[in-house]
S.K.: 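Can you keep this structure in mind? I'll have questions shortly.
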Amino acid sequence: MASNTEEPGKASLLSDDELGSMLKWVTDPDDRKSFSEVCKQWSKVEGLNRSSLRLLQPDLLRRVLPRCPNLISFQTQESFSDADLEFLAQTCPRLEVINLSVWDHAPKVEPLLSSDGVYALAIRCPNITKLLLRRRLKTGVVAVAKLLPNLTHLDLGFCHEVEDKDIEAIVSAASLITYLNLEGCFCVTDRGLEFLSDASCSKTLKTLVLAGCCKISDWGVSDLRYMCCLENLSLANYGDKITDVGCFAISEIKTLKRLNLAGLMSLTDQTVVAIAENCLNLEVLNLSDCQSVTRAGLHAFSGHTCLNTLVLHYCFKFFGIDLELLVLECPTLKCIVVDEYLGRQILPQMQESTRRCVSYKFICDWSFKDLEM
């Protein structure tokens, strides 16, 4: 590969605009890297035309970003401070997508971000549409929500200081929001869900993740029935605060396609029947650890024309014949996931043609990440 030194030749006769036009046809990351190594001019043009960056080495931040002032998307799981966030905002004001999420099995990162860093970002990058801060925040977002009117996608999963007033601020400002992840935000209560259902986002929100929000109950969950566009909903929790009462209300949401009710131990067949009868567009249903659900509830999905995945991990009140009938009578059903112990018991009871739809594996935390929303 040629070194970064200018030499006379055809390449040096091309203008930056001409090189930029050429670069639009180069999409492979390795090819773009090779392009940038031809000479200093080509390196500069590649940086100016780069729209996305994933940072793997945080110590390179201040060296790399000035080369790429026109970034639209930035991502890193590495350590990131308020000062780093402010530098990012100053250097790349055209950013629209910022993903700083630290996923569940990654090592904990320090320091956590404060509202000061996010405020600086919101001030300098007014075009942000997607902001992912999972496991990153040590404060709420009340002070910055009003500065992000174009926000459509917000992930605050496991940001433990997020509470009801943050939700109120978000939904008051972000009238276009379609995705909101509040997983593990255990300060959120029924009052926060009331804000969601009363705001204009009740007509735009398509995905809502409330898994692990341990202070919500039937009262707040019942308000969600007014969300007329909701397609993906996770209420996965462990406890008895959400019962058939709240889930009856959820079954009124006709637009639901994916529903996660894992761990709601008070749910009975009545909820499952209501969902089967009312949620006719439902494609994925997770009933893991809903141990009161029996074969009667499962049979309610006979004849359902959309369901393709049913997760029954740690559910035990049915037999192989029940799953066999369900596969035969629900023509769209492609996958049933059961507990490993139960799977070994019931699969021999089933015919080969229906057995292929049933799988078993150990699942510690089946969430919508696994279901690829």
Side-chain angles (χ1 to χ4, degrees), residues 207 209 211 230-238 242 244 247-248 250-373:
T207 297
V209 182
L230 200 61
E231 296 180 359
N232 309 300
L233 175 62
S234 176
L235 294 172
N237 235 305
Y238 282 90
I242 301 175
D244 286 334
C247 290
F248 273 174
I250 291 299
S251 72
E252 296 179 26
I253 306 175
K254 308 296 186 183
T255 51
L256 278 179
K257 292 183 177 179
R258 302 185 179 198
L259 180 59
N260 189 343
L261 302 176
L264 303 186
M265 298 181 181
S266 295
L267 294 193
T268 70
D269 290 332
Q270 295 180 13
T271 285
V272 181
V273 171
I275 291 170
E277 292 178 350
N278 299 325
C279 300
L280 302 182
N281 295 308
L282 194 67
E283 298 173 2
V284 178
L285 177 61
N286 188 344
L287 295 172
S288 295
D289 233 344
C290 296
Q291 296 184 13
S292 296
V293 172
T294 73
R295 57 194 304 191
L298 301 185
H299 283 299
F301 279 98
S302 296
H304 198 281
T305 57
C306 284
L307 189 71
N308 62 58
T309 302
L310 181 62
V311 186
L312 300 171
H313 203 231
Y314 292 128
C315 297
F316 303 105
K317 297 182 178 179
F318 53 85
F319 302 100
I321 186 62
D322 300 307
L323 298 187
E324 190 156 69
L325 289 173
L326 188 57
V327 171
L328 292 172
E329 296 177 1
C330 183
T332 56
L333 192 59
K334 303 299 181 186
C335 178
I336 303 175
V337 183
V338 298
D339 179 80
E340 181 175 1
Y341 174 78
L342 182 64
R344 293 183 184 277
Q345 298 288 320
I346 64 175
L347 282 182
Q349 305 170 19
M350 301 177 65
Q351 300 177 39
E352 179 64 32
S353 59
T354 54
R355 188 188 306 163
R356 58 182 172 76
C357 294
V358 180
S359 64
Y360 58 84
K361 54 185 174 179
F362 182 73
I363 307 172
C364 296
D365 179 20
W366 190 286
S367 67
F368 275 133
K369 293 189 293 297
D370 302 290
L371 301 181
E372 194 65 30
M373 281 198 300

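Positions are given from 1, in the same order as the sequence printed here. Because the structure is a prediction, the values reported are computed rather than measured.
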S.K.: Should Leu312 and Leu298 count as side-chain neighbours, where that means a heavy-atom distance under 4.5 Å?
M.R.: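 SC-SC contact between Leu312 and Leu298 confirmed.
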S.K.: Under the rule for ring pair (Phe, Tyr, Trp, His ring centres under 6.0 Å), what residues qualify as partners of Phe318, not counting sequence neighbours?
M.R.: none
S.K.: Quick one: closest heavy-atom pair of Leu287 and Leu310, and the distance?
M.R.: CD1-CD1, 4.3 Å
S.K.: What are the two closest non-hydrogen atoms of Asp269 and Ser292, and how far apart are they?
M.R.: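 Between these two residues, the closest heavy atoms are OD1-O, 4.1 Å.
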S.K.: Could you list all the salt bridge (Lys or Arg N to Asp or Glu O under 4.0 Å) pairs where at least one residue sits in residues 293-321, not counting sequence neighbours?
M.R.: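 Residue pairs with at least one partner in residues 293-321: Arg295-Asp322.
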S.K.: Between Gln291 and Tyr314, what is the shortest heavy-atom contact and its length?
M.R.: CG-O, 3.4 Å
S.K.: Within the 4.5 Å heavy-atom criterion, are Leu264 and Asp289 side-chain neighbours or not?
M.R.: no
S.K.: What distance separates Leu261 CG from Asn237 CG, expressed to the nearest 0.5 Å?
M.R.: 11.0 Å
S.K.: Could you give the distance from OG1 (Thr207) to CD (Glu231), rounded to the nearest 0.5 Å?
M.R.: 7.0 Å
S.K.: Check for a donor-acceptor pair, side chain of Asn281 on one end and backbone N or O of Lys254 on the other, with a separation under 3.5 Å.
M.R.: yes
S.K.: How close do Cys247 and Ile242 get, counting heavy atoms only, and between which atoms?
M.R.: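 Taking Cys247 first and Ile242 second, the nearest heavy atoms are SG-CG2, 4.0 Å.
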S.K.: Identify the heavy atoms of Cys315 and Cys290 that sit nearest to each other, and give their distance.
M.R.: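 Between these two residues, the closest heavy atoms are SG-O, 3.7 Å.
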S.K.: Evaluate side-chain contact (heavy atoms from CB on, under 4.5 Å) for Leu259 paired with Ile250, printing each intermediate quantity in order.
M.R.: CA-CA 10 Å; Leu259 180 59; Ile250 291 299; 4.2 Å; yes
S.K.: Take Cys335 and Thr309, measure what side-chain contact (heavy atoms from CB on, under 4.5 Å) needs, and give me the verdict at the end.
M.R.: CA-CA 5 Å; Cys335 178; Thr309 302; 4.2 Å; yes
S.K.: Could you pull out all donor-acceptor pairs under 3.5 Å where a side-chain atom in residues 271-279 meets a protein atom, sequence neighbours excluded?
M.R.:
{"from": "Thr271", "atom 1": "OG1", "to": "Asp244", "atom 2": "OD1", "distance (Å)": "2.4"}
{"from": "Asn278", "atom 1": "ND2", "to": "Ser251", "atom 2": "OG", "distance (Å)": "3.4"}
{"from": "Asn278", "atom 1": "ND2", "to": "Ala274", "atom 2": "O", "distance (Å)": "3.1"}

S.K.: Side-chain contact, heavy-atom cut-off 4.5 Å: Val311 with Leu285?
M.R.: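 The answer is no, as the side chains (C-beta and beyond) never meet within the 4.5 Å cut-off.
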S.K.: Rounded at 0.5 Å granularity, tell me how far CD in Glu283 sits from CG in Asn308.
M.R.: 5.5 Å
S.K.: How long is the gap from NZ on Lys257 to CG on Asn232, to the nearest 0.5 Å?
M.R.: 8.0 Å
S.K.: State, to 0.1 Å, how close Leu325 and His299 come at their nearest heavy-atom pair, and which atoms those are.
M.R.: CD1-CE1, 3.9 Å
S.K.: Would you find a donor on one side and an acceptor on the other, under 3.5 Å apart, between the side chain of Thr255 and the backbone of Leu230?
M.R.: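 Yes.
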S.K.: Donor-acceptor check, side chain of Glu329 to backbone of Ser302, threshold 3.5 angstrom: yes or no?
M.R.: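 Absent.
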S.K.: Would you indicate whether the side-chain heavy atoms of Leu326 and Leu333 approach each other to under 4.5 Å?
M.R.: yes
S.K.: Treating Thr332 as the side-chain partner and Leu307 as the backbone partner, does any N or O pair qualify as donor plus acceptor under 3.5 Å?
M.R.: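 A pair under 3.5 Å: yes.
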S.K.: Mark yes when over 12 heavy atoms from residues, nucleotides or ligands other than Phe319 sit less than 6.0 Å from its CZ; otherwise mark no.
M.R.: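 Counting neighbours around CZ of Phe319, 12 or fewer heavy atoms of other residues, nucleotides or ligands fall under 6.0 Å, so no.
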S.K.: Would you mind reporting whether Ile346 and Leu323 have side-chain heavy atoms less than 4.5 Å apart?
M.R.: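 Result yes, sub-4.5 Å side-chain heavy-atom pair found.
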S.K.: Answer whether the closest heavy-atom distance between the side chains of Leu233 and Leu256 falls below 4.5 Å.
M.R.: yes
